[in-house]
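Down below is the structure, laid out as structure tokens.
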Amino acid sequence: GEEYAKAMKDVCWKMIGGTEKEKQKFFDEAIKPYPDVYWIDGCDAPRVRDHKIGFHLKENAVPKARQPIPLSAYDRQRLELHLEENVILGKLRKLDPTKGDPLPEWTTPVFIVDQDAKGVMGRMVCADGLVNDAMELPSFPSAGPKAAFDRAAGCGHLSLVDALWGYTQFEITDATKELLCITTHLG
């Protein structure tokens, strides 16, 4: 609606170049008609609707609950901030066995890596090796970049996964959630 259009304009107006008339024309023709492709902080995280991803274990896979990786005080603080943000954004949920949540059979430790694009906060990474090794692999290889571009050439529409949100845009099945539990110094 108009309230959302005004909020979009407030956010992006200073980022549009040109005269006031050129800025208005660009906003009216390129931004306002397409509110579903722009992000404003405070909106719900983007989600792929009506499809859940499910991972499948190999037939004789044995659950493995790993312990947290020891981190420096600096990395523990950064990890805590990442965890808090992910809980607020709905990407993670803290399990609470005192309130009936079962202890997970699979747990994967997380840690922080420094990455230029992420600034001083770094990036949270899961050490999913044991879980990955226990998964059934798809029966076909993923397309390489050249194959992907060749297949997309000449197509009229392109859809993509938002790189900012990555795989957290996809809902996962309850069984898959049990495989992807993380463990930290906080539990």
Side-chain angles (χ1 to χ4, degrees), residues 4 8 11 34-59 61-66 68-69 78-96 99-113 115 117-119 121-153 155-184 186-187:
Y4 185 78
M8 286 174 54
V11 168
Y34 309 103
D36 53 331
V37 294
Y38 295 100
W39 176 261
I40 294 177
D41 285 340
C43 296
D44 289 337
R47 295 276 185 202
V48 173
R49 291 181 291 223
D50 303 324
H51 181 73
K52 289 187 177 189
I53 302 293
F55 296 149
H56 304 284
L57 292 173
K58 293 176 182 172
E59 188 174 325
V62 177
K64 294 184 174 64
R66 294 183 58 198
I69 295 172
R78 295 193 299 171
L79 180 60
E80 289 173 23
L81 291 169
H82 278 286
L83 293 170
E84 182 180 346
E85 177 184 42
N86 280 286
V87 167
I88 289 169
L89 294 172
K91 296 179 181 184
L92 291 176
R93 179 179 72 86
K94 184 172 177 145
L95 297 178
D96 188 348
K99 294 184 179 173
D101 288 327
L103 289 173
E105 291 184 304
W106 293 89
T107 59
T108 298
V110 293
F111 56 97
I112 298 294
V113 296
Q115 184 176 359
K118 299 296 182 179
M121 289 304 297
R123 181 170 63 94
M124 185 172 70
V125 176
C126 297
D128 284 319
L130 295 177
V131 176
N132 291 343
D133 290 344
M135 298 281 178
E136 287 182 353
L137 298 175
S139 59
F140 56 90
S142 298
K146 183 178 182 333
F149 282 116
D150 288 347
R151 188 165 182 199
C155 292
H157 299 281
L158 173 68
S159 64
L160 56 104
V161 174
D162 181 326
L164 178 66
W165 289 89
Y167 293 112
T168 60
Q169 294 171 101
F170 293 94
E171 287 282 335
I172 55 176
T173 64
D174 288 342
T176 299
K177 288 176 186 177
E178 292 177 17
L179 301 174
L180 301 179
C181 288
I182 61 173
T183 185
T184 73
L186 299 171

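In this chain, residues are counted from 1 in sequence order.
- Here the side chains of Leu83 and Ile182 are in contact, with some heavy-atom distance below 4.5 Å.
- When each of Thr108, Leu57, Thr107 is tested with Val131 by the rule side-chain contact (heavy atoms from CB on, under 4.5 Å), just one qualifies, namely Thr108.
- Pairing each heavy atom of Arg78 with each of Gly122, the nearest pair is NH1-N, 3.7 Å.
- The line from OG1 of Thr173 to CD of Glu178 is 8.5 Å long, rounded to the nearest 0.5 Å.
- Lys94 NZ to Asp101 CG: the interatomic distance, rounded to the nearest 0.5 Å, is 11.0 Å.
- Atom CD of Glu84 is surrounded by 12 or fewer heavy atoms from other residues, nucleotides or ligands within 6.0 Å.
- Here Leu179 contributes atom CG and Leu130 contributes atom CG; the two are 12.5 Å apart, rounded to the nearest 0.5 Å.
- Scanning both residues, Pro102 and Leu95, for their nearest heavy atoms gives O-CD1, 4.3 Å.
- Atom CD of Glu136 has more than 12 heavy atoms from other residues, nucleotides or ligands within 6.0 Å.
- The two residues Phe111 and Ala127 have their closest heavy-atom pair at CE2-CB, 4.0 Å.
- Lys58 places a side-chain N or O within 3.5 Å of a backbone atom of Asp133 that can act as its donor or acceptor partner.
- The shortest distance between side-chain heavy atoms of Leu81 and Glu85 does not fall below 4.5 Å.
- Proximity of Arg93 to Val87: side-chain heavy atoms (C-beta onward) are nowhere separated by under 4.5 Å.
- When atom types are taken as modelled, the side chain of His82 and the backbone of Met121 share a donor-acceptor pair closer than 3.5 angstrom.
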| task | Just do the side chain to side chain contact (heavy atoms under 4.5 Å, CB included) check on Ile112 and Met124 with the steps written out, would you? | result | CA-CA 5 Å; Ile112 298 294; Met124 185 172 70; 4.2 Å; yes
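- Closest approach of Pro104 to Ala65, counting heavy atoms only: O-CB, 4.5 Å.
- One distance of note links OG1 of Thr176 with CH2 of Trp106; it measures 12.0 Å at 0.5 Å rounding.
- Glu171 CD to Asp50 CG: the interatomic distance, rounded to the nearest 0.5 Å, is 10.5 Å.
- To the nearest 0.5 Å, the span separating CD on Glu80 from CG on Leu186 amounts to 4.5 Å.
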